Amino acid sequence: MSKVIAFAGKGGVGKTTVAALVVRYLSQAGKTPVLAVDADPNSNLGETLGLEVTATIGDIRETYMKDPQGIPSGMDKINYLETLVEQALIEKPAFDLLVMGRQEGQGCYCMVNNILNKFTDKLTNSYKYMVVDNEAGMEHLSRRTSGKVDVLFLVTDYSLRGLRAVGRIHGMLEGLNLDVKQLGLIVTRAPEKLNAAFLSEAEAIGIPLAAIIPDDPALLEFDMEKRSLLELPDTSPSVMAVNTLLTTTVPL
Ligand SMILES: Nc1ncnc2c1ncn2[C@@H]1O[C@H](COP(=O)(O)OP(=O)(O)OP(=O)(O)O)[C@@H](O)[C@H]1O
Ligand SMILES: [Mg+2]
């Protein structure tokens with residue numbers, strides 16, 4: 001079974017950035033094989049990792065539904081879909097990437113979804129680590145992770161609004177069909193010293209503070225230039241903060 005690391009938090013607080021830096025750490029530390037999963041239909045984990053994404057699981061579903069009879073001869077539905085899933089997997093020496101793409105469109109795709117889910121589950125089991133970048137909401141997280149998350153990082157920027165969103169997500173966790181082994185709070189774009197009001201509100205939420213990631217101007221620059229975060233210098237404050245997190249506070 002792979003160790004699953006996932007992220008939750010309000011929109012735009014830095015989840016994808018931290019996910020990319022976690023993938024960077026794991027692959028550089030030789031904690032491989034690593035699978036990065038982009039489970040946010042509007043996201044760009046591939047881009048932040050310097051990869052061009054050509055096919056998603058959502059595309060496969062669409063292609064199949066448009067022409068369910070278009071299965072190449074000699075194949076049945078099951079092995080046809082499995083071949084497509086294998087093609088959608090982007091394989092690199094340091095890590096692989098799977099992009100989930102669009103969620104279900106109109107109509108019931110239950111059968112196709114069930115088959116695709118079975119294949120993605122099978123695939124994800126062969127990795128040591130699976131890093132899942134999901135959308136801001138939590139609705140799909142349990143499906144994407146087969147209900148088990150080893151470490152869930154709740155991410156907030158340095159704002160009370162972000163922190164309250166983390167509090168709400170924390171409160172929702174009980175009601176979800178999700179087995180979370182460890183929780184950690186990550187504060188991004190933070191100044192060197194956190195304000196006392198922020199700290200006491202963070203403490204009230206009751207999740208251990210796992211990392212403070214400073215405001216790192218290089219991140220915005222790389223984002224604008226669509227550059228891979230794998231090319232950030234090892235001395236970048238955001239890289240150092242995530243590496244310290246994963247070697248010291250929440251060792252992976
Ligand atoms: N520590 C940081 N310092 C400076 N800029 C940052 C930091 N973390 C993230 N950013 C920038 O903030 C923006 C949003 O980050 P990101 O895409 O990682 O957020 P997100 O939570 O994944 O957003 P969404 O909810 O839309 O998926 C990006 O431009 C990113 O470069
Ligand atoms: Mg994101």
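Because only heavy atoms are used, hydrogens play no part in the values below, and waters and symmetry mates are left out as well, while side chains stay in. If you're wondering where the values come from, they're calculated on a predicted model, not measured in any experiment. All ligand and atom numbering here is 1-based and tracks the order in the structure.
At the shortest separation from atom 17 (O) of ligand 1 among protein heavy atoms lies Thr16 CB, 4.1 Å. Closest to atom 1 (N) of ligand 1 among all protein heavy atoms lies Pro214 O, 3.0 Å. Nearest to atom 19 (O) of ligand 1 among the protein's heavy atoms is Gly14 N, 3.0 Å. Closest to atom 18 (O) of ligand 1 among all protein heavy atoms lies Thr17 OG1, 2.5 Å. Scanning the protein for heavy atoms near atom 20 (P) of ligand 1, the closest one is Lys15 N, 3.4 Å. Scanning all protein heavy atoms for the shortest distance to atom 28 (C) of ligand 1 gives Asp223 OD2, 3.6 Å. Closest protein heavy atom to atom 8 (N) of ligand 1: Leu219 CD1, 3.7 Å. Among all protein heavy atoms, the one lying closest to atom 10 (N) of ligand 1 is Arg189 NH2, 3.5 Å.
Any N or O atom pair closer than 3.5 Å counts here, and Asn44 shares no such pair with ligand 1. At a 3.5 angstrom cut-off on N or O pairs, Gly11 does not count as close to ligand 1. At under 3.5 Å, not a single nitrogen or oxygen of Thr188, backbone or side chain, sits near a nitrogen or oxygen of ligand 1. For ligand 1, none of its N or O atoms has an N or O atom of Asp133 under 3.5 Å away.
Not one N/O/S atom of Asn44, from backbone or side chain, sits under 2.8 Å from the Mg ion (ligand 2).
Two residues are said to be in side-chain contact when any heavy atoms from C-beta on lie closer than 4.5 Å; Asn243 and Leu246 fail this criterion. Within the 4.5 Å cutoff, the side chain of Ile212 has heavy atoms near those of the Leu194 side chain.
No more than 12 heavy atoms of other residues, nucleotides or ligands sit less than 6.0 Å from atom NZ of Lys122. Annotation for Glu225: atom CD counts as buried by contact number, over 12 foreign heavy atoms lying within 6.0 Å.
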Test log, rule side-chain contact (heavy atoms from CB on, under 4.5 Å), inputs Leu98 and Ile57:
CA-CA 8 Å; Leu98 190 65; Ile57 299 295; 4.1 Å; yes
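For ligand 1, the atoms closer than 4.0 angstrom to any heavy atom of Ile213 are 1 (N). Contact atoms of ligand 1 toward Asp215: 3 (N), 4 (C) (distance under 4.0 Å to a heavy atom of the residue). Atoms of ligand 1 found under 4.0 Å from any heavy atom of Asp40, numbered from 1 in the order shown, are 27 (O).
Between Asp179 and Lys181 there is a salt bridge, since a side-chain N of the basic residue sits under 4.0 Å from a carboxylate O of the acidic one. A salt bridge links Asp234 with Arg24; the closest basic N to acidic carboxylate O contact falls under 4.0 Å.
Heavy-atom distances between Gly12 and ligand 1 reach below 4.0 Å in at least one pair.
A cation-pi contact, defined as under 6.0 Å to the ring centre and within 45° of the axis, links Arg227 to Phe222.
Tyr158 and Asn195 form no side-chain donor-acceptor contact under 3.5 Å, judged by distance and modelled atom types alone. For the residue pair Thr188 and Asp157, no side-chain donor N or O sits within less than 3.5 Å of a side-chain acceptor on the partner.
Hydrophobic clustering of Ile, Leu, Val, Met, Phe, Trp and Tyr side chains at less than 4.5 Å, counting indirect connections, keeps Val4 apart from Leu21.
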